[in-house]
Peer 1: 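Pasting a structure below so you can have a look.
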Amino acid sequence: LDGLERGAVLSPVDAPIEQRFGRVVDPEFQTETLRNGVDFAAQAGLPVRSVARGIVRFAGWFRGYGRIVIIDHGDAYHTVSGHLDEIQVQVDDVVLAGQPIGSVGETGSLSGPGLYFELRHDGSPIDPVPWLRGD
C-alpha cells in the first residue's frame, strides 16, 4: 500500500493524541462506548494533512462528524478526518502524503476544536496509533 504501512504513517496534524481508540468508560455514569478513532488536541486553524497518497471519496458535512474528508488509500484502507473548519480538497482529487486537505475546527464537535481521525480497513475501524510514525 502506497505510504500506508504500520509505524510509517504520517500524522494528520502536528498535535498530541488526546483521546485514544477503543473502549471508553464514562467516569460519572460508568457507561461504555467504543471510540472508532482518535482525537488530536489540535488548535483551530492548524493544517490537516493526508497521511498517505489516495483519492478523496467524500468531502463535506456528515452528521456527528461535522465537516469531514474521507480518503481511499487503496487495498480497502480509508482515513476519515473530522471536525474540520475548512476543506481544501474535492471528491475525486488525488492527494499525496503530507498534502493539506483542510484545517482543524470544531464543526460537529461537543468538546471544542480538535481533529477526529479514523483509519478503516474493509469498512471496520482499526486503531491508527500503531500505524503512525513515532516522530
Side-chain angles (χ1 to χ4, degrees):
L1 184 59
D2 190 13
L4 207 58
E5 58 184 76
R6 284 177 82 90
V9 173
L10 190 66
S11 177
V13 68
D14 292 325
I17 291 175
E18 186 173 46
Q19 300 277 345
R20 293 197 166 269
F21 175 89
R23 204 169 71 92
V24 180
V25 178
D26 184 285
E28 186 179 351
F29 300 106
Q30 297 303 304
T31 52
E32 190 176 300
T33 54
L34 280 176
R35 182 182 299 279
N36 288 333
V38 295
D39 283 310
F40 286 87
Q43 294 180 323
L46 276 179
V48 176
R49 302 179 286 256
S50 177
V51 299
R53 181 184 162 85
I55 299 170
V56 177
R57 295 296 184 206
F58 184 88
W61 186 270
F62 198 86
R63 194 168 143 255
Y65 293 85
R67 289 192 192 95
I68 67 167
V69 173
I70 299 174
I71 300 173
D72 178 349
H73 299 285
D75 291 344
Y77 284 95
H78 292 80
T79 53
V80 179
S81 299
H83 305 319
L84 300 177
D85 180 40
E86 290 182 328
I87 294 175
Q88 296 164 350
V89 292
Q90 296 178 333
V91 171
D92 293 332
D93 281 359
V94 173
V95 292
L96 303 175
Q99 179 176 332
I101 59 169
S103 60
V104 172
E106 54 184 304
T107 58
S109 170
L110 301 176
S111 55
L115 175 67
Y116 177 74
F117 180 77
E118 285 184 12
L119 176 61
R120 289 180 171 257
H121 185 246
D122 283 328
S124 298
I126 55 178
D127 187 353
V129 171
W131 292 76
L132 298 175
R133 286 202 314 230
D135 55 331

Peer 1: Using atom types as modelled and distance alone, determine if a side-chain donor or acceptor of Thr107 lies under 3.5 Å from a backbone N or O of Leu84.
Peer 2: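 Yes, because the side chain of Thr107 sits within donor-acceptor range (under 3.5 Å) of the backbone of Leu84.
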Peer 1: How would you list, by chain and number, every residue that makes a salt bridge (charged side-chain N to carboxylate O under 4.0 Å, His left out) with Arg23, sequence neighbours excluded?
Peer 2: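 Partners of Arg23 by the salt bridge (charged side-chain N to carboxylate O under 4.0 Å, His left out) criterion, ordered by chain and then number, come out as Glu32.
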Peer 1: Would you say Arg133's side chain and Leu10's backbone share a donor-acceptor pair under 3.5 angstrom?
Peer 2: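 The answer is no, because no donor-acceptor pair under 3.5 Å joins these two groups.
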Peer 1: Should Val69 and Ile55 be counted in the same cluster of Ile, Leu, Val, Met, Phe, Trp and Tyr side chains packed under 4.5 Å apart?
Peer 2: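 No, it is not one cluster - the side chains of Val69 and Ile55 are not joined through contacts under 4.5 Å.
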Peer 1: Check the hydrophobic clustering (I, L, V, M, F, W, Y; side-chain heavy atoms under 4.5 Å; chains of links allowed) and say if Val13 and Val129 are grouped together.
Peer 2: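 Hydrophobic grouping puts Val13 with Val129.
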Peer 1: Nearest 0.5 Å, please: how far is CG in Leu46 from CG in Asp85?
Peer 2: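 With rounding to 0.5 Å, CG (Asp85) is 11.5 Å from CG (Leu46).
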Peer 1: Can you name the nearest heavy-atom pair linking Ile101 to Ser81, along with the distance?
Peer 2: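 In this case the closest contact between Ile101 and Ser81 is CD1-OG, 3.9 Å.
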Peer 1: Atom CG in Leu115, atom NE2 in His83: separation rounded to 0.5 Å?
Peer 2: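 Going from the CG atom of Leu115 to the NE2 atom of His83 covers 8.5 Å.
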Peer 1: Hydrophobic side-chain clustering at under 4.5 Å (ILVMFWY, transitive links): who's grouped with Phe62? Put none if nobody.
Peer 2: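 Result for Phe62 is Phe58, Tyr65, Ile68, Ile70, Val80, Tyr116.
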Peer 1: Applying side chain to side chain donor-acceptor pair (under 3.5 Å), which residue pairs with at least one partner in residues 94-103 are found, sequence neighbours left out?
Peer 2: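 Not a single pair qualifies under side chain to side chain donor-acceptor pair (under 3.5 Å).
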Peer 1: Which residue pairs pass the salt bridge (charged side-chain N to carboxylate O under 4.0 Å, His left out) test when at least one of the two sits in residues 36-52, sequence neighbours left out?
Peer 2: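 Matches after skipping sequence neighbours: Asp14-Arg49, Arg35-Asp39.
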Peer 1: I would like to know whether Ile17 and Leu132 meet side-chain contact (heavy atoms from CB on, under 4.5 Å); could you show each step before the answer?
Peer 2: CA-CA 11 Å; Ile17 291 175; Leu132 298 175; 4.1 Å; yes
Peer 1: Could you pull out all residues at least two apart from Thr33 that satisfy side chain to side chain contact (heavy atoms under 4.5 Å, CB included)?
Peer 2: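 Partners of Thr33 under the side chain to side chain contact (heavy atoms under 4.5 Å, CB included) test: Val24.
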Peer 1: How close do Ser50 and His73 get, heavy atom to heavy atom, and via which atoms?
Peer 2: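 Looking at all heavy atoms of both residues, the closest pair is OG-CE1, 3.8 Å.
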Peer 1: Roughly how far apart are Phe40 CZ and Gln19 CD, rounded to 0.5 Å?
Peer 2: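 These two atoms lie 12.5 Å from each other.
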Peer 1: Any pair with a residue in residues 116-127 that passes salt bridge (charged side-chain N to carboxylate O under 4.0 Å, His left out), sequence neighbours left out, goes on the list, sorted by first then second residue, please.
Peer 2: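 For residues 116-127, and leaving out neighbouring residues, the salt bridge (charged side-chain N to carboxylate O under 4.0 Å, His left out) pairs sorted by first residue read Glu118-Arg120.
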Peer 1: What distance separates Arg53 CZ from Asp72 CG, expressed to the nearest 0.5 Å?
Peer 2: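 One gets 11.5 Å once the value is rounded to the nearest 0.5 Å.
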Peer 1: Is there a side-chain contact between Val9 and Pro128 (heavy atoms, below 4.5 Å)?
Peer 2: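 They are not in contact (no side-chain heavy atoms under 4.5 Å apart), so the answer is no.
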Peer 1: Looking at Gln90, I want to see if its CD is surrounded by more than 12 non-hydrogen atoms of other residues, nucleotides or ligands under 6.0 Å.
Peer 2: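 Counting other residues, nucleotides and ligands, CD of Gln90 stays at 12 neighbours or fewer.
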Peer 1: First locate atom CD1 of Ile87, then atom CG of Asp93, and finally report the distance between them rounded to the nearest 0.5 Å.
Peer 2: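 The distance works out to 11.5 Å.
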Peer 1: Quick check: closest heavy atoms across Gly102 and Gln88, and the distance to 0.1 Å?
Peer 2: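 It is N-OE1, 3.6 Å.
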